[in-house]
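One structure is given here, and the rest of the page talks about it.
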Amino acid sequence: GYRYQFGMLGSSMDAYLALRNSTGQLVASADSWGVNGSEWVTFTPTVSGVYYVDAQSSWRAFGSAAVGAYSVLMISNGTDDYEATTSTTSTLVVGGSKGGTLELPADADFHGANLVEGKAYRVQLSGPLANGYLAVYDQYGTRIGSGGVGQLEFTPGWSGKFFFEVSGNRLADWGAYTLSLRELPNLSAESMYVIEGAAGATTSLKFSFRLSQPSSDAVTFTFATKDG
């Protein structure tokens, strides 16, 4: 039930890292298709016993990319606070926040939230992991759109439950964070009319805007006349 992470670090080769049980059967592996990087395997055993770390060069590697020095690291920080799946126990309420921890490098947490179609939302990280990476997933665990570092704005195309993923912006990033979710104010125009001036005089445009809720965000207006 404890979660472990194994790292293959400092390799100048195209590395492949695997974990095998006592009979040699593969139980987890990592192969990121690149040189001068690190490979990480996260594993939560269901059976206690002896396991073996299998560090080697990738089957694709050749020449200098097939050889190199490396170190193997094992970390265990106990159990995970939130799963990185739609089965997560975390629910984020609009206008609220939720604390969490990436206990290990390459860890990720999912936080569910019920959102309304057409409304704009912003999720933001604070704390030691303020520059973490954020992404959005639908109820089936399919990623939607692009992610963001530190904060992310999202307008759902339908109402329902969505999931915000928190992960490290870099592979080695981990630690505590607070994730907040709020609805962005809606801006609407009203009372618009034109005051015609005399020939050659300036025409005045009168209008007002309304925010759906108080906001400290800066608002920029861009408009043009029919003639450009």
Side-chain angles (χ1 to χ4, degrees), residues 3 5 7 30 32 37-38 40-44 75 77-189 209-222:
R3 191 172 58 148
Q5 193 162 55
S32 60
S38 301
W40 292 90
V41 169
T42 301
F43 180 64
T44 303
I75 305 172
N77 278 10
T79 57
D80 192 11
D81 54 356
Y82 302 117
E83 293 184 43
T85 70
T86 56
S87 298
T88 181
T89 58
S90 174
T91 299
L92 191 60
V93 178
V94 178
S97 61
K98 177 79 70 169
T101 302
L102 300 185
E103 291 87 1
L104 301 169
D107 186 18
D109 293 341
F110 268 36
H111 301 271
N114 291 305
L115 307 179
V116 178
E117 175 185 359
K119 291 190 175 183
Y121 300 90
R122 176 183 293 159
V123 284
Q124 188 162 5
L125 287 168
S126 59
L129 202 67
N131 289 325
Y133 190 79
L134 292 165
V136 187
Y137 292 77
D138 65 16
Q139 61 181 322
Y140 304 108
T142 302
R143 182 166 168 171
I144 304 172
S146 58
V149 176
Q151 69 175 29
L152 177 66
E153 294 184 3
F154 174 63
T155 303
W158 64 90
S159 298
K161 190 163 188 178
F162 296 83
F163 295 88
F164 295 104
E165 179 192 41
V166 180
S167 61
N169 187 36
R170 299 172 302 174
L171 187 62
D173 289 345
W174 54 306
Y177 64 85
T178 298
L179 180 66
S180 60
L181 170 65
R182 70 184 185 93
E183 179 186 339
L184 296 178
N186 179 52
L187 181 67
S188 59
F209 292 91
R210 179 183 297 276
L211 283 174
S212 60
Q213 57 182 293
S215 174
S216 60
D217 292 326
V219 178
T220 301
F221 301 98
T222 302

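On a predicted model such as this, the values are computed, not experimentally measured, just so you know.
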Practice prompt. State, to 0.1 Å, how close Gly112 and Lys161 come at their nearest heavy-atom pair, and which atoms those are.
Written response: CA-CE, 4.0 Å

Discussion item. Could you tell me if the side chain of Tyr137 sits less than 4.5 Å from the side chain of Ile144, heavy atoms only?
Written reply: no

Discussion item. By the definition side chain to side chain contact (heavy atoms under 4.5 Å, CB included), identify the one residue from Thr42, Asp107, Val41 that meets it with Gln5.
Written reply: Thr42

Worksheet, complete the sentence: Closest heavy-atom pair, Pro156 versus Val116, reported as atoms and distance to 0.1 Å, is CG-O, 3.3 Å

Practice prompt. Check whether any side-chain heavy atom of Leu134 lies under 4.5 Å from a side-chain heavy atom of Val166, and answer yes or no.
Written response: yes

Worksheet entry | Test log, rule side chain to side chain contact (heavy atoms under 4.5 Å, CB included), inputs Tyr82 and Thr89 | CA-CA 7 Å; Tyr82 302 117; Thr89 58; 3.8 Å; yes

Worksheet item: Would you say Thr88's side chain and Phe110's backbone share a donor-acceptor pair under 3.5 angstrom?
Response: yes

Discussion item. Between Asn114 and Val94, is there a side-chain heavy-atom distance shorter than 4.5 Å?
Written reply: no

Practice prompt. Could you pull out the closest heavy-atom pair between Phe163 and Gln139, with the gap in Å?
Written response: CE1-CA, 3.9 Å

Fill in: Any side-chain donor near an acceptor of the partner, Ser167 and Glu165, under 3.5 Å
no

Item to complete: Measure the CZ-CG distance between Arg122 and Leu152 for me, rounded to the nearest 0.5 Å.
Response: 10.0 Å

Worksheet item: Can you check whether Thr101's main-chain N or O pairs, donor with acceptor, with Asp81's side chain at less than 3.5 Å?
Response: yes

Fill in: Shortest non-hydrogen separation from Leu92 to Leu179 and the atoms involved
CD1-O, 3.6 Å

Worksheet item: Taking it one step at a time, do Thr178 and Leu125 satisfy side chain to side chain contact (heavy atoms under 4.5 Å, CB included)?
Response: CA-CA 6 Å; Thr178 298; Leu125 287 168; over 6 Å; no

Item to complete: Starting at CD of Glu183, measure out to CG of Leu115 and round the result to the nearest 0.5 Å.
Response: 9.5 Å

Response to the item:
ring-ring contact (aromatic ring centres under 6.0 Å, His included) filter on Tyr177, not counting sequence neighbours, yields His111

Worksheet item: What heavy-atom pair brings Phe162 and Asp138 nearest, and what distance separates the two atoms?
Response: CD2-CA, 4.2 Å

Worksheet item: Does any N or O in the side chain of Tyr140 come within less than 3.5 Å of the main-chain N or O of Thr86, such that one atom is a donor and the other an acceptor?
Response: no

Worksheet item: Can you tell if the side chain of Asp173 reaches within under 4.5 Å of the side chain of Tyr133, non-hydrogen atoms only?
Response: no

Worksheet item: Going through the checks in order, is the side chain to side chain contact (heavy atoms under 4.5 Å, CB included) test met by Leu181 and Tyr121?
Response: CA-CA 7 Å; Leu181 170 65; Tyr121 300 90; 3.9 Å; yes

